[in-house]
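Shown next, in structure tokens, is the structure this report addresses.
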Amino acid sequence: MHKKDKKGIHELYAEDPLAADKQLWDREPLPNTRRGFLKKGALTAMSLVLGAKMVHAEHFPAGMIPAALAGSDQPFALPGKHPGLIVLNDRPINAETPPELLDDKLTPNDRFFVRNNGIPPENVDLSTWTLTIEGESAAQTKTYTLAELKQKFTPVTLQLTLECGGNGRKEFNPPAKGNQWSTGAVGCAAWTGIRLRDVLEDVGVKSDAVYVGYYGKDTHISGQADKVVISRGVPIDKAMEAESLIAWEMNGKPIPMLNGYPLRLVFGGYPASASGKWLSKIVIRNQVHDGPKMTGQSYRVPCKPVAPGTKVPDEEMCIIEGMPVKSLITFPKTGATLRQRQALPIRGKAWTSTEKITRVDYSIDFGATWQSCTLEPAANRYAWQQFSADIRFPEIGYYEVWARATDANGIAQPMLLPGWNPRGYLNNACHRIAIKVTA
Amino acid sequence: MREPFDNLRPILVTLNLSVLVLIFCFGYLLIGDQVVAMFDQPKPMDMDAYRASAATAAAEDVDRIENGIHVQSGLIYAEGFDIVRGTCTACHSAKLVTQNRATREGWEQMIRWMQETQGLWDLGKNEDAILSYLAQHYAPEEVGRRANLDVEAIEWYVLDLE
């Protein structure tokens, strides 16, 4: 293969799309139109070649997701995941959990949402997987095998809620770009692993440490082998919290492949993108970590509130350092009809990055009046809390049940969308379900 | 001294082996799942889950258009479709495109962001056609500060409370 003979497909298209069509797919425009795509078979050829061969070339892990499916809009089940998950994107895989599938106290592994920025590693070998700690503020560079991590440090199990920073993005107006998450990019599992701080202290943290960043073994969807997909992290104080974990188990089982198998970080209360998956390296930085998706507008909101639709320069965007108070009604599923003589039991989950949720209320009159729910305490900080109530309806008709959580500082969820931001993060507006009461 | 059964021996051995293999297969069918579960390592990726549906979806469905939508990608089938599909499904699926809504300027910003950070190439002459297609078919709608619940989309059901 001589490089000069091979022109990139985009180069060809940029020069002359019609000529490129002819050259690549033997496809010609129909007379008097430019709609070459009508010619039978052309799409097949094009999709196969474009999707699989030309662009990804040799770099792309063959068979990760077959080309025929890569651009598909057809529903299909994700490996290891409940078929009820809503797939927002299948390459890279992004899928959310409908509220009624989050009714368990702890979110089962097959129901936990997936937010992948790249392609998970294939053929993970536990015996050769290592975690390296390095960086300007690390006293030394040190590498551990999985076995060493498990032997050397005290294991802990904690219930930690993970929520994607963009959960609820779908509702922003003007719309914000990215996966249009509805309510289901959240889950709470029992994570087993070790405290990040134990490992950091074993390596030695210099006094000038500011931030901790991660690197994982996922690969970029463009097929560029050396391109880092995402490398985010947390301030050193957050890294040192007792609830900040390096985890290998989720609900007593190995972490699902799509959620970071065999090793990941878990930081409750932070946008889940801080909790690096397929974890292979941690850097202790003497500056705010600057890996891909730490900078620019990613996982940042305007430092000062802005009007909807405002263009905000990068330097006026601040990193999100905590997810807001929020709740979800997980029973019943929206659309329930019942008789007026029946009381409606509702159940749900509430969570916050602050100390704890102190109350959850519900309203059946669009916020005119609120009644309190029974609220259970959290198993530990950053675990979600369960709430429940029995609701009586005054007359027949259409109702919406709205839930509103309040934290220990008295901060509650808004009923309308909170502050608009360019990338559509932190929508914690009250969740609501539709109910019909019949005679 | 040859025993009369000597020449049967290889056959018997083969038979025995086959019986063993059969027993193993049966055993595996009966308790294989539990044994495998004991090891409990998630398969690195269950590719078959993808391949099965892919095989059926592949051949005949690729060109299908229904109600103005190209079924396989979910993209609106209109002028510019071929270039958009060709360009915008090279890395991610078209779902990332069809989920989003933006003005022409907004789409242009997304393209610039992908060019600056995600390895998207210079789109040359195609950019204009791509932007026109996106701005026309995936334009934002005004929904106010909070949209109504989509009552049309709700599947009403009788809640069993007994």
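Note: hydrogens, waters and symmetry copies are ignored here, and every other heavy atom, side chains too, is used. Letters go in sequence order (proteins before strands), and every chain restarts at 1.
Between the side chain of A:Arg91 and the backbone N or O of B:Thr89 there is at least one donor-acceptor pair closer than 3.5 Å. Under the 3.5 Å distance criterion, the side-chain polar atoms of B:Asn100 are left unmatched by any main-chain donor or acceptor of A:Asn179.
Only the side chain of A:Leu338 comes within less than 4.5 Å of a heavy atom in chain B; its backbone stays farther off. For B:Ile154, the part lying under 4.5 angstrom from a heavy atom of chain A is the side chain only. Residue contact with chain A, scored on non-hydrogen atoms closer than 4.5 Å, involves the side chain of B:Val151 exclusively. Within the 4.5 angstrom heavy-atom criterion, only backbone atoms of A:Pro418 (N, CA, C, O) approach chain B. Of the two parts of A:Ala429, the backbone and the side chain both hold a non-hydrogen atom closer than 4.5 Å to a non-hydrogen atom of chain B. Of the two parts of A:Lys436, the backbone and the side chain both hold a non-hydrogen atom closer than 4.5 Å to a non-hydrogen atom of chain B. Proximity to chain A is absent for every atom of B:Asp150, based on heavy atoms less than 4.5 angstrom apart. Heavy atoms of A:Pro308 lying under 4.5 Å from chain B belong exclusively to its side chain. Of the atoms belonging to A:Pro174, not a single heavy atom falls under 4.5 Å from chain B.
Most heavy-atom pairs under 4.5 Å with chain B: of the set A:Arg339, A:Met415, A:Gln180, A:Lys311, this distinction falls to A:Gln180. Of the listed residues A:Leu416, A:Thr438, A:Leu344, the one with more heavy-atom pairs under 4.5 angstrom with chain B than any other is A:Leu416. Most heavy-atom pairs under 4.5 Å with chain A: of the set B:Glu155, B:Glu127, B:Gln118, this distinction falls to B:Gln118. Per-residue counts of heavy-atom pairs under 4.5 Å with chain B were compared for A:Lys333, A:Lys170, A:Glu400; the largest is that of A:Lys333.
Crowding of B:Asn148 atom CG: a count of heavy atoms from other residues, nucleotides or ligands under 6.0 Å not exceeding 12. Environment of CG in B:Asn67: sparse, with no more than 12 heavy atoms of neighbouring residues, nucleotides or ligands closer than 6.0 Å.
Residue B:Gln99 holds its CD atom at 5.0 Å from CG of A:Leu88, rounded to the nearest 0.5 Å. In this structure, the separation between NE2 on B:His92 and CG on A:Asn94 is 11.0 Å, given to the nearest 0.5 Å. A distance of 5.5 Å separates CD1 of A:Ile221 from SG of B:Cys91, quoted to the nearest 0.5 Å.
Shortest non-hydrogen contact noted between A:Ala336 and B:Leu159 is CB-CB, 3.9 Å. Here the closest non-hydrogen pair linking B:Trp156 and A:Gly335 is CE3-O, 3.0 Å. Between A:Thr334 and B:Tyr157, the closest heavy-atom pair is O-CE2, 3.4 Å. Between A:Asp90 and B:Lys95, the shortest heavy-atom distance links the atoms OD1-NZ, 2.9 Å.
Cation-pi contact between A:Lys177 and B:Trp113: present, with separation from the ring centre below 6.0 Å and deviation from the ring axis of at most 45°.
For B:Glu116, there are no salt bridge (Lys or Arg N to Asp or Glu O under 4.0 Å) partners at least two apart in sequence or on another chain.
Of all residues spanning residues 139-147 of chain B, those with a heavy atom less than 4.5 Å away from chain A's heavy atoms are B:Pro140, B:Glu141, B:Glu142, B:Val143, B:Gly144, B:Arg145, B:Arg146, B:Ala147, arranged by number.
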